[in-house]
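This structure is a prediction, so every number in the text was calculated from the model and none was measured. Quick note: residue numbers are just sequence positions, from 1.
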Amino acid sequence: MKKRNRFAAAALAALLLAGSAPSALALDTTPPMYKQFGYDSAEEYMEQKSSYGVFDYDTLSDHYRQHLDAIHKDPQIAVDYWGYDDLEGLSFGWDGDLEECYRDTARAMTEGDEYKLRCQLSVQLNGAYVHFADAQPEKVNGRVMVPFRAIAEVLGAEVDYNAGAITAKKNGQTLAFSLGGKQLTITDDSTGKVIKTTSVDSAPYKKKGRTYVPVRFFAEAFGLTVQWDQDMQTAVLYDRAALVNDIDSKFTVLNKWIKAQPSTENARTLRTVATIGAAYTAFDTIDDNKDYKIDVKTEILANGQAIEATVTVDLRVLASYFLGDSQADDVLTAAQAALLRSALSNVKLELLCNADSGDLYLKCPAVAKILAIDETDNADLKALSNGAWLHINWADSTFGTLFSENLKILKNNTFTSVGESIVAANESNMTAYELGWEDFYLNIKNDVNRLNNLLGDEQFTASGSRYTAKINGLSNDSYDNLTGSYTLNTADGSFSGTLESRSDSWNTTKTVLTFSGSVQNCKLSVTYHTKNTGILSLDITLSTTESSVEPKNAPPAGDKIVEWTQHDYSNDWDYVNPDGSLG
């Protein structure tokens, strides 16, 4: 009798444990799954996963364990999974190590489980998927409805049900609603005053003992930002302020330096002048090295709504580089070569842009003359060669959207911190390029890691207001073997340093960057030395000041305009008369 009672008590405890904490049922393998794949901890394993998965480690390891146990009992599962004819072929594919094969198979099947769930209607909160143990999200009238208690508790809210009235308390505020009602009320707990009342277009309802609410309205009521990933059918929720603060905590030095920059918010127009001296030495061990030099001057006026830019450069050296000393080559006639040299001798590019309307105007007769070398009867190119403007409207284009936003950011000095910059940039990219919001947190994480290795707080040694970072052999997808040092002065916003990157391959290249000054006035020197090929050197000076001259956002009245159109790929140009009619 006592044995029966003990058995009943153990069974009851097991049932209670299962009902209260589903994750407690998760059983790891022996040795643990993370050790089987060469990781030191479960946290490290999850950190190194290629993307934010649906499963937490407990769920992941439990699925893995079940698949591995099943494969050990019936190896034919692995044979069928990889498409082999028999166990002998499977063994050959893994160099005779069937146990490694079984582990790889179980892992692949577990990842398949995750992918299936990710392709179902799901919710992601701050980069991690929300687990709904006994009731799943569903769509009703185009709205994602989720079990309220599950989502509220994940958000850290205390939930209470009382005769159809439902409340959730968090951070000194109470969110209240009722089944079938279409109104949310947020009340300050300390004063009892209603902070906000929001109408929802999908009323909460009850189904199989669970209360369902529209995830967007309730997440936003809790202060979260909500995005929708159509391809993955995932509602992506994130605490934007917390995300920005978390990033900023890693870049306090850089943020101090940013804060030291003079504000341009009250300036009507900014004038930036850039001068570039470029020199290229082409190695020639037979006829001696050859030197080519180019000087470029750029002037830009920008006021946040419009931009006017002028670039002047003498590019005759390019004709010498490509054509050599002869008057013609195998492609161009002597007359065409002479025209090319003449066109490149006085290259002037003018650009006018209206960020609000998306209108872009370009004028560069030299380029048009070069394009017209083989199309002497093209009326549009002839007009452009004689000083007409090329008009493009990019209001609905991805590039236009990003350009417009970045122009306003540069003018208004919108970004006040590293965190704000990274988050806002990723939000813009997700919207402009129509990317999947499911990877939003992963993209931010990658950006932060790359920047942290170069500009994170742990890189710096302080000496008063001067913070110096020493880089030794840093590599990522943007550079190889980066070495050198640089200093940021958080008192006056200045900077200085020298960095070197070396790419060791069949055409080894060494890049050296030296810089000094401030964001408003700085000098940069860059050399690209390609082994056995040549050296390109760039000396750049940048200066930005306030200006009383407003930028033009359209050509002067009466100037000829050529429209860029996409309706006919055989003729992408339409001539526009001064009166606006098409020619």
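- Ion pairing between a basic and an acidic side chain is recognised when a charged N comes within 4.0 Å of a carboxylate O; R107 and D104 show no such pairing.
- Residues satisfying the side chain to side chain contact (heavy atoms under 4.5 Å, CB included) test with T541, not counting sequence neighbours, are T275, K523.
- Between the side chains of T468 and T487, at least one donor N or O lies within less than 3.5 Å of an accepting N or O.
- The minimum heavy-atom distance between A279 and K293, with the atom names listed, is CB-CG, 4.1 Å.
- Sorted by first and then second residue, the salt bridge (Lys or Arg N to Asp or Glu O under 4.0 Å) pairs involving residues 421-433 (not counting sequence neighbours) are R240-E427.
- Residues passing the ring pair (Phe, Tyr, Trp, His ring centres under 6.0 Å) test with Y528, sequence neighbours excluded: none.
- Contact detail for Q261 and G493: the closest heavy-atom pair is NE2-O, 3.0 Å.
- For the pair M33 and D28, the tightest heavy-atom approach, listed with the atom from each and the gap, is N-OD1, 3.0 Å.
- F440 is linked by a ring pair (Phe, Tyr, Trp, His ring centres under 6.0 Å) to Y238, W437, counting only residues two or more places apart in sequence or in another chain.
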Go through the steps for Y45 and Y39 under the test ring pair (Phe, Tyr, Trp, His ring centres under 6.0 Å), then give the verdict.
CA-CA 6 Å; Y45 180 89; Y39 295 95; 5.2 Å; yes

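- Contact detail for S547 and L301: the closest heavy-atom pair is OG-CD2, 3.9 Å.
- For D239, the side-chain hydrogen bond (donor to acceptor under 3.5 Å, both in side chains) test picks out no residue, with sequence neighbours left out.
- Partners of T174 according to the side chain to side chain contact (heavy atoms under 4.5 Å, CB included) rule, which considers only residues two or more places apart in sequence or in another chain, are T167, K169, D189.
- Counted by atom type alone, D248 and N255 present one or more donor-acceptor pairs between their side chains at under 3.5 Å.
- The heavy-atom pair separating S537 from T527 by the smallest distance is OG-CG2, 3.5 Å.
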